[in-house]
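Step one of this worksheet: look at the structure below.
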Protein chains: 2
Amino acid sequence: MEVDTKKGMEELILEKAEELFLEKGYALTSTVEIAKAAGCNQALVHYYYRTKERLFQKVFLSKIGLFLSILLKIDGQEEDFFMNLRKKIGAHFDLLMKNPGLPFLILNELTTNKRNILILKEEISKGENNRSVFLKLEESLNKEISKGTVREMTVMDLILNIISMNAFFFLSIPIIKGVFGIEENKKKEFIENRREEVITSILNGIRP
Amino acid sequence: MEVDTKKGMEELILEKAEELFLEKGYALTSTVEIAKAAGCNQALVHYYYRTKERLFQKVFLSKIGLFLSILLKIDGQEEDFFMNLRKKIGAHFDLLMKNPGLPFLILNELTTNKRNILILKEEISKGENNRSVFLKLEESLNKEISKGTVREMTVMDLILNIISMNAFFFLSIPIIKGVFGIEENKKKEFIENRREEVITSILNGIRP
DNA sequence: ATTATCTATAGATCTATAGATAATGC
DNA sequence: ATTATCTATAGATCTATAGATAATGC
């Protein structure tokens, strides 16, 4: 655990920076703090990454990629639309469960620093398949609508519904914990229940 | 507009502080900046509010109150459950529309400063009727569940669904704008559509 | 007299860099 | 020789306060 099996300072700094940025965001994390967490001198952080901004970009870029990848990945190709969607929502939830600080980091930095929105924009348009994945989802949604199995709605709304329900839950966990004080042993159950509720609610919500 | 009809510096400072805190959060707003926005000297900010922290608490408290009030307010007493819920969700959405920076401020500060969670906690338990409002909603929800008009679910989930969908939409507006570049004249339509979608999705989502 | 406003400044950070020293690779 | 790490420090903020001056209320 505490051994850091010869990870090399450069990488260790990146890791600790990641942890701290995820926890408190860019503004509230100092290079002094990062250095202390990595067990080195503050100057070394700048030696490897030049500026705090560049270090942050490195972290942010990888996290944005992670966040998008799941949303866009299609696994169950041509299964039943509803089954496919159920899996997608669940996979997105699971990704966030593994990275619970992700929504806060992305939201916070996209909101407070317009420059980061450009990064997101590039990242979206870069993956050329992103667009095609999007179009494919749109297509299958429209097919269901014309079959009458889904009510009239746009892909944009569907995606927003998924991100809203999933991301906001993880955004609010620290608050829920603080206000209602969920016991550690019931935490897992609480999250599992919410996972099911989110999926059910979204799927039910698109019915005609 | 620019006249500040004899508003007195004390109040003007509070107003400008509110604007800035809503826009960028506590950490990224300096008392220097607040003073400049109010057109006075930085020392005056401290003269009236002593510390930046106290000034912030004043703003935060009023915003928390606002946010809770709508969620808890019951207007349509004993109407139809679904009609009542539809109104509630819409009213919450409308409040956020008037205060689009509210979700970000509250989320950001509750996440980065644990102390603020205590403030929220107190605020919730202070309004003694808060609990009763909550219980009343729970009661009518359970009635519907036993009638078979709503699927099995908890009040907590229902409330989380509403806040998730409403708050997250306003959280993401700057991002959506930045990425997709919504034109100013279509903005209103976009928001109106989302309002309808949110209501429909939540109401549909709780059906058995 | 009291209250509002300003100027000036101390003391805390924090980022970034310069320059010294230690570790490592041929 | 080159790369990694450290010490020290300049320069930018930023918060908070002390102390001077201007405005206002009796």
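Residue numbering restarts at 1 for every chain, and letters A, B, ... go by the order of the sequence lines.
Between the side chain of A:Lys16 and the main chain of A:Lys36, no donor-acceptor pair closer than 3.5 Å is present. A:Thr200 places a side-chain N or O within 3.5 Å of a backbone atom of A:Glu196 that can act as its donor or acceptor partner. Between the side chain of B:Asn116 and the backbone N or O of B:Glu109, at least one donor-acceptor pair lies under 3.5 Å. Between the side chain of B:Ser172 and the main chain of B:Ile175, no donor-acceptor pair closer than 3.5 Å is present.
Pair assignment for D:dT21: C:dA4, on the basis of Watson-Crick or G-U wobble contacts that are both within less than 3.5 Å. Nucleotide C:dT13: paired with D:dA12 (Watson-Crick or G-U wobble, both distances less than 3.5 Å).
Note on A:Glu197 versus B:Arg151: salt bridge recorded, some NZ/NE/NH1/NH2 to OD/OE distance being below 4.0 Å. In summary, B:Lys177 and B:Glu184 do not engage in a salt bridge, as defined by a charged side-chain N under 4.0 Å from a carboxylate O.
Here the C1' atom of nucleotide C:dT15 and the CG atom of A:Leu28 are 16 Å apart, to the nearest Å. Distance CG (A:Leu20) to P (C:dC14): 12 Å, rounded to an integer number of Å. Spacing between atom NZ of B:Lys36 and atom C1' of D:dT13 amounts to 13 Å, rounded to whole angstrom units. Regarding A:Glu53, its CD atom lies at a distance of 9 Å from the P atom of C:dA16, rounded to whole Å. If you take CZ of A:Arg54 and P of C:dT15, they are 16 Å apart, rounded to a whole angstrom. Between A:Tyr49 atom OH and C:dC14 atom C1' the separation is 20 Å, expressed in whole Å.
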Every protein N/O within reach of nucleotides 1-5 of chain C N/O, cut-off under 3.5 Å:
| unit_1 | atom_1 | unit_2 | atom_2 | d |
| --- | --- | --- | --- | --- |
| C:dA4 | OP2 | B:Tyr47 | OH | 3.0 |
| C:dT5 | OP2 | B:Tyr48 | OH | 2.6 |

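For A:Gln42, the side-chain atoms get nearest to C:dT15 when compared with the rest of D:dT15, C:dT15, D:dT7. Distances from the side chain of B:Ala43 to the nucleotides C:dC6, C:dT15, D:dA16 place C:dC6 closest.
Phosphate contact (OP1/OP2 of C:dT15, side-chain N/O of A:Thr31, threshold under 4.0 Å): present. Between B:His46 and the phosphate of D:dT17, there is no side-chain N or O to OP1/OP2 separation shorter than 4.0 Å.
In this structure, B:Phe93 and B:Phe169 have parallel ring planes: the angle between them is below the 30° cut-off, well short of the 60° mark.
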